[in-house]
Amino acid sequence: MTQPATQDIARNHMVDGQVRPNQVSDQRVIDAMRVLPREAFAPAGALAYADTDIELGGGRFLMSPLLAARLAQLALARNPAEVLVVGAGSGYLAALLASAGARVVALEEETRLQTGALAQYAPQVEAVCGPLAAGYPAGGPYDVIVIEGAVPAIPESFAAQLAPSGRVVAILADGDEPAGLGRAVSAEALGRKFVAVQAFDCTARVLPAFRRAPAFSL
């Protein structure tokens, strides 16, 4: 059996065994995950279709297939036209969202994470470089801003980058640990604050760029 055929089988097993049975019903997400070669977005030799995060170094991870699928489904719930992915890494989630027809901007600050897969498989995505916590106002306003990783809180500055009735889809970490329980939320801006509605519980890694500085104590 050829290597491409083996990867195709693994990809379909991922969708049918991990994604579809676990509350992912958006056909756009399912169809995209059957086609996009996840191995191209992962480091060489990684188990791209395993039900786990993939370590990228420096505290960064390619999130598990199921979590990527559920975040994509949550982001696409209102058929957004303009999307910003913050912490896009190699671009797998951005490519999933673009396959649904949205215009996607993928923001990343670590160019070492680029594998070339985004340009090859989702050339319509605009890849930009800059500090994650600042967002990317030049490409806005956005219908949805998706933060690809857990954060202690949604930056207030993101509110000004949203279109009217826009949302931030994020994973709010329950604590300050780099990896732990969190809550995926859909949050709308009320002034410069956010009102978040919980979508589901999950385990997620905190993006290093958003970690709180250690508090000083006597």
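In terms of heavy-atom proximity, L47 sits nearest to I54 at O-CD1, 3.9 Å. Of all the heavy atoms in I147 and L71, the pair that sits closest is O-CD1, 4.5 Å. Contact detail for A102 and P80: the closest heavy-atom pair is CB-O, 3.5 Å. Taking all atoms of both residues into account, the shortest heavy-atom contact from E55 to P43 is O-CG, 4.0 Å. V85 and L97 make their closest contact through CG2-CD1, 3.7 Å (heavy atoms, listed as atom of the first residue, atom of the second, distance). The shortest non-hydrogen separation linking Q18 to P21 is C-CD, 3.9 Å.
Ring orientation note: the planes of Y121 and F41 are tilted relative to one another, at an angle of 30° to 60°.
Formation of a donor-acceptor pair under 3.5 Å by the T115 side chain with backbone atoms of A40 is found in this model. Remark: side-chain polar atoms of D143 are not paired, donor with acceptor, to backbone N or O of G166 under 3.5 angstrom. Between the side chain of R112 and the backbone N or O of G57, at least one donor-acceptor pair lies under 3.5 Å. The backbone N or O of G89 lies less than 3.5 Å from a partner atom in the side chain of E108, making a donor-acceptor pair. Q161 places a side-chain N or O within 3.5 Å of a backbone atom of Y136 that can act as its donor or acceptor partner. Distance alone, capped at 3.5 Å, is enough to place a donor-acceptor pair between the R38 side chain and the A48 backbone.
Side-chain contact between V104 and Q124 is absent, with no heavy-atom pair separated by less than 4.5 Å. Counting heavy atoms from C-beta outward, R167 and V144 have side chains that approach closer than 4.5 Å. In this structure, the side chains of M33 and V29 come closer than 4.5 Å at one or more pairs of heavy atoms. The side-chain heavy atoms of R28 and N79, taken from C-beta on, include a pair separated by under 4.5 Å. With contacts defined as side-chain heavy-atom distances shorter than 4.5 Å, the pair V83/V146 qualifies.
Residue F194 holds its CZ atom at 5.5 Å from CD1 of I154, rounded to the nearest 0.5 Å. Rounding to the nearest 0.5 angstrom, the gap separating the OG1 atom in T52 from the CG atom in L62 is 10.0 Å. Here the straight-line distance linking atom CD1 of I145 with atom CG of L162 works out to 4.5 Å at 0.5 Å rounding. Rounding to the nearest 0.5 Å gives a distance of 10.0 Å between CG of L74 and CD1 of I171. Note that CZ of R20 and CD of Q27 are 7.5 Å apart. Values are rounded to the nearest 0.5 Å. The CG atom of N22 lies 5.0 Å from the CG atom of L66; values are rounded to the nearest 0.5 Å.
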Practice problem: Kindly determine whether S99 and D31 satisfy side-chain contact (heavy atoms from CB on, under 4.5 Å), including the steps that lead there. | Solution: CA-CA 9 Å; S99 72; D31 290 346; over 6 Å; no
Exercise. Could you walk me through whether D53 and S64 pass side-chain contact (heavy atoms from CB on, under 4.5 Å), step by step?
Key: CA-CA 4 Å; D53 298 334; S64 70; 3.7 Å; yes
Practice problem: Give the intermediate values and the outcome of side-chain contact (heavy atoms from CB on, under 4.5 Å) for residues Q23 and F200. | Solution: CA-CA 10 Å; Q23 302 180 47; F200 56 89; over 6 Å; no
Exercise. Go through Y49 and R11 one step at a time and tell me if the side chain to side chain donor-acceptor pair (under 3.5 Å) criterion holds.
Key: CA-CA 6 Å; Y49 297 104; R11 192 175 307 119; 2.9 Å; yes
Quiz item: Under the side-chain contact (heavy atoms from CB on, under 4.5 Å) criterion, do Q73 and S25 qualify, and how do the steps go?
Solution: CA-CA 8 Å; Q73 178 171 261; S25 58; 3.7 Å; yes
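When hydrophobic clusters are built by joining Ile, Leu, Val, Met, Phe, Trp and Tyr residues whose side-chain heavy atoms come closer than 4.5 Å, directly or via intermediates, V15 is grouped together with V24. Linking Ile, Leu, Val, Met, Phe, Trp and Tyr whenever their side-chain heavy atoms come within less than 4.5 Å puts L76 and L93 in one cluster. Note on L132 and V151: same hydrophobic cluster, where clusters join Ile, Leu, Val, Met, Phe, Trp and Tyr whose side-chain heavy atoms are under 4.5 Å apart, directly or indirectly. No single ILVMFWY cluster, assembled from side-chain heavy atoms under 4.5 Å apart, contains both V86 and L118. By the criterion of side-chain heavy atoms lying less than 4.5 angstrom apart, applied directly or through intervening Ile, Leu, Val, Met, Phe, Trp or Tyr residues, L84 is not grouped with V125; the two fall into different hydrophobic clusters.
Salt-bridge formation is detected for the pair R103/E82: a Lys NZ or Arg NE/NH1/NH2 atom is positioned less than 4.0 Å from an Asp or Glu carboxylate oxygen.
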